[in-house]
Visitor: 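Encoded as structure tokens, here's the structure I'll be asking about.
Note that these values count all heavy atoms, side chains included, but never hydrogens, waters or copies made by symmetry. Quick note on labels: first sequence line is chain A, next is B, and so on, each numbered from 1.
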Amino acid sequence: MSKRAEPIRSVKGTRDLLPAETGLWQRVEDEARRILGAYNFREIRTPILEQTALFARSVGADTDIVTKEMYTFEDRTSESLTLRPEATASVVRAYIEHNLFNEGGIHKLYYIGPMFRRERPQKGRYRQFYQIGAEVLGSDHPTIDAEFLEMLVLFLGRLGLREYNLLLNSVGCPKCRAEYLKVLRQALDKVKDKMCGDCQRRAATNPLRVLDCKVETDQPIIESLPHTLDHLCPECRQHFDRVTGELQQRGIPYQIAPRLVRGLDYYTRTTFEMTSNVLGAQNAFLGGGRYDGLSEMLGGPPTPGFGVAIGEDRLILAVEQTASLKPDDRLDIYVAWMGEGALHPASQLARELRRDGLSVEIGYEPMKLKKSLGIASRLGARFTVIIGEGELTAGRFQVKDMSTGQQEEIEPARVAAVVKEKLQKG
RNA sequence: GUGAGCGUAGCUCAGCUUGGUAGAGCGCCAGACUGUGGAUCUGGACGUCGCGGGUUCGAAUCCCGUCGCUCACCCCA
């Protein structure tokens, strides 16, 4: 006897989504496509593999994502490639590469797919995770920001999600941000000695991050720090006021979150995040904002943009816990047959039912009826068609409603129609 | 990268403190019920106790190492 080989397992931070879960994923994605379609977004599919420089230039060379979280490697010609850690950069790259801006107007694009970041896994965080993202390119009108957020609210409603918060902020444009950073640094110089070690470090390296600190004892100090909102230039201020004004008109509740600074370099003006308290420490299940300078950073023409990335893994976590969204993955019909002579008629019936669009399972070897019904029951079949000697000679099959136990004799040609009618009613 | 908790049957877990040769529930298979499932009862199969080493007459249990998972920090979806 040879020794059992060591089983190979999935890579750390990646996971298999088994049929028990994929039904819900499909439901969520179907709802997403539906609502995005309603707002005239069109799907774009970009490669998972991109040149490393794309992310260094867009996400930011000094961000955590780029410095320590990317899956980067050299291919055989020593070109540096990276598994995308996010997709906004890819979408804008494609927009520029295919000269979509020449078509004029605005472009509304969405994508669904996996992203990769090499972080330590924890609840709601995986090395391969999925995002549903949408981008509007070609306008900086505040109505776009508001309408986009309205769409997200509608989407979450369709999923049955009610418990979440919309957090909103503006980080300004490069002009007012430079001004703000100056003020922030001055304020930090006075108080940083009293803050946690991390904040003292951030005060020097990335002062905006201090606002994001979650250490309890730092909170009063953070409250007292100047806000980006109080240091916006007149244009940015007006833009933000228009966004909040339109949100109110649309009846969308939001909270101003002066501390909400997003971790990617390309954000300008509006930033937002939605959080849920059922998610554990990683409570943000979607986030995004405006990125008016990104196109130029990537060598394209000046093109304002606005987008969201929805963390599908986290969204589904929230849906599972707070919503009653159920995938419809039950089996319509199980075909139970007895005696070798019944195999052919049973297979033929199954084929016809399937051609009619019903989901059908059939046993592949003779079984006692009792066993067949047990299998049908376990599969969640709504109906079982019973075909034995008696049925064959009578030319009528037994159709059993598995929820009531009632059954009736129906001629083979009418089974599909009868079952469909019952499914409609039930 | 740092820290903590946890790895025992297909699943959820008990047993570990006080070492004595492995258990429960659920699930699965069969029968009661030879063409009628979900309920009940009876019986059955299933374990390198994560892996390696040490201590010991004896280790799931104590010690060391290692791998894995989970949660948290950092940061983000």
Side-chain angles (χ1 to χ4, degrees), chain A residues 3-4 6-7 9-13 15 20 59-60 62-70 84-88 112-133 196-199 201-202 205-206 208-209 212-215 260-264 267 272-276 279-288 307-318 334 336-339 342 366-392 397-407:
Chain A
K3 230 199 277 183
R4 187 100 155 268
E6 219 21 56
R9 298 193 296 207
S10 59
V11 172
K12 187 193 199 70
R15 55 192 182 140
V59 173
D62 295 328
T63 59
D64 278 9
I65 291 177
V66 172
T67 56
K68 54 187 195 195
E69 295 174 1
M70 294 203 307
R84 64 182 185 192
E86 60 112 41
T88 299
I112 299 176
M115 309 294 157
F116 303 84
R117 291 182 203 172
R118 198 184 180 291
E119 299 178 270
R120 204 61 172 263
Q122 68 186 67
K123 184 168 184 171
R125 163 183 289 163
Y126 307 97
R127 290 185 172 183
Q128 174 174 337
F129 60 102
Y130 295 80
Q131 288 188 336
I132 301 172
C196 71
D198 282 334
C199 280
R201 179 178 48 77
R202 291 181 196 126
T205 60
N206 192 349
L208 279 180
R209 285 262 81 83
D212 236 358
C213 179
K214 282 157 190 157
V215 175
L260 179 62
V261 289
R262 318 223 73 250
L264 283 62
Y267 284 116
F272 67 92
E273 200 167 274
M274 285 189 185
T275 60
S276 162
L279 292 179
Q282 307 305 321
N283 64 350
F285 62 90
L286 66 81
V308 69
I310 301 169
E312 195 174 358
D313 308 77
R314 293 179 186 176
L315 177 64
I316 283 173
L317 216 51
Y334 186 84
W337 55 274
M338 285 147 289
M367 273 179 289
K368 293 177 182 173
L369 179 59
K370 184 182 177 62
K371 192 170 165 67
S372 291
L373 284 167
I375 292 170
S377 186
R378 203 176 328 140
L379 291 175
R382 287 179 235 250
F383 295 90
T384 298
V385 178
I386 300 168
I387 307 173
E389 260 181 65
E391 285 75 16
L392 288 174
F397 299 162
Q398 299 284 342
V399 176
K400 183 183 181 74
D401 184 327
M402 296 300 279
S403 56
T404 65
Q406 290 176 343
Q407 59 189 59

Visitor: Can you check the distance between B:A59 and B:G52, where both ends of the measurement are the C1' atom (answer in whole Å)?
Guide: 14 Å
Visitor: Taking any heavy-atom pair under 4.0 Å as a contact, classify A:Gly287: base, sugar-phosphate, or nothing.
Guide: sugar-phosphate
Visitor: Rounded to whole Å, how long is the line connecting atom CD1 of A:Ile375 with atom P of B:G37?
Guide: 13 Å
Visitor: Categorize A:Glu86 for me: base, sugar-phosphate, or nothing, with a 4.0 angstrom heavy-atom threshold over every strand shown.
Guide: nothing
Visitor: A:Gly280 near the nucleic acid: base, sugar-phosphate alone, or nothing, with a heavy-atom cut-off under 4.0 Å?
Guide: sugar-phosphate
Visitor: Nearest to the side chain of A:Met338 - B:A30, B:G1, B:G35?
Guide: B:G35
Visitor: Between A:Glu312 and A:Pro121, which has a closest nucleotide on RNA chain B that is more 5'?
Guide: A:Pro121
Visitor: Any base atoms under 4.0 Å from A:Gly124, or only sugar-phosphate, or nothing? Heavy atoms, all strands.
Guide: base
Visitor: Of the listed nucleotides (B:A77, B:C29, B:G37), which one gets closest to any side-chain atom of A:Leu373?
Guide: B:G37
Visitor: Heavy atoms under 4.0 Å, any strand shown: does A:Tyr126 hit a base, just sugar-phosphate, or nothing?
Guide: base
Visitor: Looking only at side-chain atoms of A:Arg378, point me to the closest of B:C29, B:G1, B:C74.
Guide: B:C29
Visitor: If you assign each of A:Arg118 and A:Ala284 to its closest nucleotide in RNA chain B, which residue comes earlier from the 5' end?
Guide: A:Arg118
Visitor: Using the rule for Phe, Tyr, His and the six-membered ring of Trp, do A:Phe129 and B:A77 stack at under 5.5 Å and under 30°?
Guide: yes
Visitor: Could you check A:Lys123 against A:Leu279 for side-chain contact (heavy atoms from CB on, under 4.5 Å), going step by step and ending with a plain yes or no?
Guide: CA-CA 8 Å; A:Lys123 184 168 184 171; A:Leu279 292 179; 5.9 Å; no
Visitor: Hey, does A:Ala376 reach any base, or is it just sugar-phosphate, or nothing, if we go heavy atoms under 4.0 Å?
Guide: nothing
Visitor: Could you state the interatomic distance from CG (A:Leu315) to CZ (A:Phe285), rounded to the nearest 0.5 Å?
Guide: 6.5 Å
Visitor: Which one, B:G35, B:A72, B:A77, comes nearest to the side chain of A:Gln122?
Guide: B:A72
Visitor: Give the rounded distance in Å between these two atoms: CG of A:Leu369 and C1' of B:G38.
Guide: 14 Å
Visitor: Quantified in whole Å, what is the P atom distance between nucleotide B:C62 and nucleotide B:G20?
Guide: 11 Å
Visitor: To the nearest Å, how far apart are A:Arg125 CZ and B:C71 C1'?
Guide: 12 Å
Visitor: Nearest to the side chain of A:Arg9, heavy atoms from C-beta on, is which of B:G68, B:C74, B:C29?
Guide: B:G68
Visitor: Does A:Lys368 have a side-chain nitrogen or oxygen under 4.0 Å from the phosphate oxygens OP1 or OP2 of B:C29?
Guide: no
Visitor: Looking at every strand, decide which applies to A:Glu389 at a 4.0 Å heavy-atom threshold: base, sugar-phosphate, or nothing.
Guide: base
Visitor: Any strand is fair game: report the nucleotide pairing with B:C73 by Watson-Crick or G-U wobble, both distances under 3.5 Å, or none.
Guide: B:G1
Visitor: If I take atom NZ in residue A:Lys400 and atom P in nucleotide B:G35, what distance separates them, rounded to the nearest angstrom?
Guide: 14 Å
Visitor: What integer number of Å spans the C1' atoms of B:C49 and B:U8?
Guide: 4 Å
Visitor: Among A:Glu69, A:Met70, A:Arg118, A:Met115, which residue satisfies the side-chain contact (heavy atoms from CB on, under 4.5 Å) criterion with A:Pro85?
Guide: A:Met70
Visitor: For the pair made of CZ in A:Arg127 and P in B:U70, what is the distance, rounded to whole Å?
Guide: 11 Å
Visitor: Rounded to the nearest angstrom, tell me the gap between atom CD1 in A:Ile65 and atom P in B:A77.
Guide: 6 Å
Visitor: Counting side-chain heavy atoms from C-beta on, which of B:G35, B:G37, B:C75 comes nearest to A:Met402?
Guide: B:G37
Visitor: Decide yes or no, distance alone: a donor-acceptor N/O pair under 3.5 angstrom between the base of B:G35 and the side-chain of A:Glu391.
Guide: yes
Visitor: Which is true for A:Ile386 with a 4.0 Å heavy-atom rule: it touches a base, it touches only sugar-phosphate, or it touches nothing?
Guide: base
Visitor: Heavy atoms, side chains only, cut-off 4.5 Å: are A:Val11 and A:Gln128 in contact?
Guide: no
Visitor: With rounding to whole Å, what would you report as the distance between B:C64 and B:U56 at their C1' atoms?
Guide: 16 Å
Visitor: What integer distance in Å separates A:Met367:CE from B:C29:P?
Guide: 11 Å
Visitor: Using a cut-off of less than 4.0 Å, is there contact between a side-chain N or O of A:Lys371 and OP1 or OP2 of B:A30?
Guide: yes
Visitor: What is the distance from NZ of A:Lys123 to C1' of B:A77, rounded to the nearest Å?
Guide: 15 Å
Visitor: What's the gap between B:U48 and B:A9 when it is taken at their P atoms, as a whole Å value?
Guide: 8 Å
Visitor: Can a donor-acceptor pair under 3.5 Å be found between the side-chain atoms of A:Lys370 and the base atoms of B:C33?
Guide: yes
Visitor: Could you measure between the two P atoms, the one in B:C51 and the one in B:A60, and give it in whole Å?
Guide: 11 Å
Visitor: Within a strict 4.5 Å, meaning less than it, do heavy atoms of the A:Ser377 and A:Met402 side chains meet?
Guide: yes
Visitor: Using purine N1 to pyrimidine N3 plus N6-O4 or O6-N4 for Watson-Crick, or N1-O2 and O6-N3 for G-U wobble, both under 3.5 Å, which nucleotide pairs with B:G38?
Guide: none
Visitor: Between A:Arg127 (side chain) and A:Glu119 (backbone), is there a donor-acceptor pair under 3.5 Å?
Guide: yes
Visitor: Are the side chains of A:Gln407 and A:Ile386 in contact, using a 4.5 Å heavy-atom criterion?
Guide: yes
Visitor: Before you tell me yes or no, could you show the steps for A:Phe272 and A:Leu286 under side-chain contact (heavy atoms from CB on, under 4.5 Å), namely the whole-Å CA-CA distance, both residues' side-chain angles and the distance that decides it to 0.1 Å?
Guide: CA-CA 8 Å; A:Phe272 67 92; A:Leu286 66 81; 3.6 Å; yes
Visitor: Select one nucleotide: of B:C74, B:G38, B:C73, the one nearest the side-chain heavy atoms of A:Arg120.
Guide: B:C73
Visitor: For a quick check, tell me whether the side chain of A:Gln407 and the base of B:U36 share a donor-acceptor pair closer than 3.5 Å.
Guide: yes
Visitor: Let's see if you can work this out: which of B:C73, B:G37, B:A77 has an atom nearest to the side-chain heavy atoms of A:Gln282?
Guide: B:C73
Visitor: Can you tell me, in whole Å, how much space there is between the C1' of B:C29 and that of B:G68?
Guide: 32 Å
Visitor: Within a strict 4.5 Å, meaning less than it, do heavy atoms of the A:Val59 and A:Glu86 side chains meet?
Guide: yes
Visitor: When we call it a touch if two heavy atoms are under 4.0 Å apart, what does A:Ser403 touch: a base, just sugar-phosphate, or nothing?
Guide: base
